[in-house]
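The block underneath contains the structure these notes are about, expressed in structure tokens.
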Amino acid sequence: MAKAIPRTGLRRNVRIGARKSARKIPKGVIHVQASFNNTIVTVTDVRGRVVSWSSAGTCGFKGTRRGTPFAAQTAAASAIRTVVDQGMQRAEVMIKGPGLGRDAALRAIRRSGILLTFVRDVTPMPHNGCRPPKKRRV
């Protein structure tokens with residue numbers, strides 16, 4: 001009978017979450033998705049791994065208040081607060097969507113002290129793709 005290979009390095013009861021705060025991130029990408037109903041701010045490192053995120057809903061805004069510029073500003077400030085503690089100094093900003101929180105989130109990012117290398121609008125634009133829904137009659 002074959003000899004059993006001893007397993008080394010098994011992590012059963014070791015806490016893995018402690019490693020996240022120890023990582024230093026000097027440069028990152030801040031993604032802002034601003035819809036009419038909510039604003040989601042995600043901070044990633046350069047490779048695209050999520051470091052921190054926040055949205056107007058997680059900051060305590062409910063209903064139609066989630067689409068307001070103040071809610072977007074609060075969400076951006078809360079997402080960036082954690083990465084500034086991890087040592088992020090410069091970032092790129094990608095803004096997507098037509099919502100009201102676009103400018104407010106960008107204003108909150110600029111105020112946080114992170115040096116912005118560039119700001120890019122990555123809103124998807126159709127090259128005359130699908131037929132849009134019919135106009136509303138109110």
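Basis for what follows: all heavy atoms, side chains included, without hydrogens, waters or symmetry-related copies.
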Test log, rule side-chain contact (heavy atoms from CB on, under 4.5 Å), inputs Thr68 and Leu100: CA-CA 6 Å; Thr68 60; Leu100 296 171; 6.0 Å; no

Tell me which one of Thr82, Thr44, Thr42 satisfies side chain to side chain donor-acceptor pair (under 3.5 Å) with Ser52. Thr82

Say you draw a straight line from CZ of Arg110 to CG of Leu115; how long is it, rounded to the nearest 0.5 Å? 10.0 Å

Pairwise distance NZ(Lys24) to CD(Gln89) - rounded to 0.5 angstrom: 9.0 Å

Which atom names give the shortest non-hydrogen contact between [X] and [Y], and what distance separates them?
X      : Y      : answer
Ala77  : Ala108 : N-CB, 4.5 Å
Trp53  : Ala79  : C-CB, 4.2 Å
Ala104 : Pro69  : CB-O, 3.2 Å
Lys62  : Gly57  : NZ-O, 3.7 Å
Arg102 : Gly97  : NH1-O, 2.6 Å

Tell me whether Asp45 is salt-bridged to Lys27, with the criterion being a basic N under 4.0 Å from an acidic carboxylate O. no

Could you tell me whether Arg120 atom CZ has more than 12 heavy atoms of other residues or ligands within 6.0 Å of it? no

Check whether any side-chain heavy atom of Val43 lies under 4.5 Å from a side-chain heavy atom of Val50, and answer yes or no. no

May I ask you to test the Arg90-Pro26 pair for a side-chain heavy-atom distance under 4.5 Å? no

Are any side-chain N or O atoms of Ser54 and backbone N or O atoms of Ser78, one a donor and one an acceptor, separated by less than 3.5 Å? no

With distance as the sole test, does Ser55 use its side chain to make a donor-acceptor pair with the main-chain N or O of Thr39 at under 3.5 Å? no

Hydrophobic clustering (ILVMFWY, side-chain heavy atoms < 4.5 Å, transitive) - are [Y] and [X] grouped together?
X     : Y      : value
Val93 : Val122 : no
Val41 : Met88  : yes
Val29 : Leu116 : no
Val83 : Met94  : no
Ile25 : Ile109 : yes

Could you walk me through whether Gln73 and Arg111 pass the side-chain contact (heavy atoms from CB on, under 4.5 Å) check? CA-CA 10 Å; Gln73 179 181 331; Arg111 215 177 303 133; 3.5 Å; yes

Please name the residue in the list Val32, Ile95, Ile30 that meets the side chain to side chain contact (heavy atoms under 4.5 Å, CB included) test with Leu106. Ile95

Ser35 vs Asn37, test: side-chain hydrogen bond (donor to acceptor under 3.5 Å, both in side chains). Steps then yes/no. CA-CA 5 Å; Ser35 68; Asn37 297 323; 5.3 Å; no

Going through the checks in order, is the side-chain contact (heavy atoms from CB on, under 4.5 Å) test met by Phe61 and Asn38? CA-CA 9 Å; Phe61 295 93; Asn38 202 355; over 6 Å; no

